[in-house]
Amino acid sequence: MPSDSVPPPYAPSQPYQPYPPYSPFPPPEPTTNVLAIVGFITSFFVGLAGIICGHIALSQIQRTGEKGRGLALAATIIGYAQVGLLSLWVAAILMIAVLSGVGQAVATVGSDVPVAPSSECSTLQSAAQELSAALTTLETSDWRDAPADAKSTLLDEWSTFDGNTSSLRDPKSWDAIDTTDNDLNALSTALVDYEAAAPGQGDATAVASAFTQVEDGLHTLMSSCR
């Protein structure tokens, strides 16, 4: 006789798992950070811009998950390298400028007579040699007994020197001539003072010192002009 008992309900061997909702479109790919691209490009031209854009891009990428981390890192690296090279270049330029200035200052120390360019040296040297020989003769003469005659001779030799150097056009030559003219003027003044003094009271030492100053200046000019 059949049993009136109810069969047990169906029990699946695996628990029920609902299917995920169907999406007709795939999730969008993350975009590349714009500042990373901009920083990478500008880092080749303006290092500081690459550094700033690269750091900002790294911060944004960490927050948003965008792509472009490699570009941002490259922008900062290239930017720092370019800023470093630029700093070294500026330091080298400044060092060269300082050393050049020091070299020019050292070259002029100890010489009050400007050196004329080589193109005009022979003319200047010839005029200086002629004047030096005339002054040597004048210094060994009896200028103490006839200071007026000595002054007249000095003015003639001075005029000859200026005439021999009148064709020179380089400013450095003019400086050398001006230096010699100043020395000759000091000698002329010393002779005038000696002549104006009472007999036996003239300062012969001042005249001799002025002769020496002119001779030293001419010798320096001739030895320096090459």
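As the structure is a prediction and not an experimental result, all values here were calculated from the model.
- With hydrogens and angles disregarded, no donor-acceptor distance shorter than 3.5 Å links the side chain of S59 to the backbone of H55.
- In terms of hydrophobic clustering, with Ile, Leu, Val, Met, Phe, Trp and Tyr side chains grouped at heavy-atom distances under 4.5 Å, I77 and L35 are assigned to different clusters.
- For S126 (side chain) and S122 (main-chain N/O), no donor-acceptor pair under 3.5 Å exists by modelled atom type.
- I56 and I51 fall into different hydrophobic clusters, where Ile, Leu, Val, Met, Phe, Trp and Tyr are joined by side-chain heavy atoms under 4.5 Å apart, directly or via other members.
- For the pair T76 (side chain) and L73 (backbone), a donor-acceptor distance under 3.5 Å is present.
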Q | Trace of the side-chain hydrogen bond (donor to acceptor under 3.5 Å, both in side chains) decision for Q82 with S43 | A | CA-CA 8 Å; Q82 189 180 103; S43 64; over 6 Å; no

Q: Could you go through the side-chain contact (heavy atoms from CB on, under 4.5 Å) check for F40 and I78 one step at a time?
A: CA-CA 8 Å; F40 178 74; I78 296 173; 4.1 Å; yes

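- Although no hydrogens or angles enter the test, the distance criterion places a donor-acceptor pair under 3.5 Å between the side chain of T42 and the main chain of V38.
- The two residues G68 and T32 come nearest to each other via the heavy atoms CA-CG2, 4.0 Å.
- Rounded to the nearest 0.5 angstrom, E139 CD and L154 CG are separated by 11.5 Å.
- The cluster map of Ile, Leu, Val, Met, Phe, Trp and Tyr, joined by side-chain heavy atoms under 4.5 Å apart, puts F44 and L71 in the same cluster.
- Closest heavy-atom contact between L48 and V83: N-CG2, 3.9 Å.
- Residues forming a ring pair (Phe, Tyr, Trp, His ring centres under 6.0 Å) with F161 (at least two apart in sequence, or on another chain): none.
- Nearest approach of S166 to G163, heavy atoms of both residues: OG-O, 2.9 Å.
- Side-chain contact between T180 and L184 is present, with heavy atoms from C-beta onward closer than 4.5 Å.
- For residues 182-196, the side chain to side chain donor-acceptor pair (under 3.5 Å) pairs, not counting sequence neighbours, are D183-Q213.
- The closest side-chain heavy-atom distance from E66 to P30 is not below 4.5 Å.
- A donor-acceptor contact shorter than 3.5 Å is absent between the side chain of S209 and the backbone of T205.
- Contact between A57 and A36 at its shortest, heavy atoms only, is CB-N, 3.5 Å.
- Looking at S132, its side chain never comes within 3.5 Å of a backbone N or O of A128 through a donor-acceptor pair.
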Q) Between L58 and Q62, does a side-chain contact (heavy atoms from CB on, under 4.5 Å) hold up when you go through it step by step? A) CA-CA 6 Å; L58 286 173; Q62 185 177 7; over 6 Å; no

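- Other residues, nucleotides and ligands contribute more than 12 heavy atoms inside 6.0 Å of the CD atom of Q129.
- Between the side chain of T153 and the backbone N or O of D149 there is at least one donor-acceptor pair closer than 3.5 Å.
- The shortest non-hydrogen separation linking E215 to L135 is OE2-CB, 3.3 Å.
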Q.
Could you walk me through whether V90 and L94 satisfy the side-chain contact (heavy atoms from CB on, under 4.5 Å) test, starting with their C-alpha distance in whole Å, then the side-chain angles of each, then the deciding distance to 0.1 Å, before giving a yes or no?
A. CA-CA 6 Å; V90 172; L94 292 176; 4.1 Å; yes

Q) How far apart are the C-alpha atoms of L131 and N164, what are their side-chain angles, what is the distance that settles it, and do they pass the side-chain contact (heavy atoms from CB on, under 4.5 Å) test? A) CA-CA 10 Å; L131 178 60; N164 291 337; over 6 Å; no

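- Note that CG of L138 and CZ of F211 are 4.0 Å apart. Values are rounded to the nearest 0.5 Å.
- When all heavy atoms are compared, the tightest approach of A72 to I61 is CB-CD1, 4.5 Å.
- The CG atom of L187 sits 12.0 Å away from atom CD of E157, with the distance rounded to the nearest 0.5 Å.
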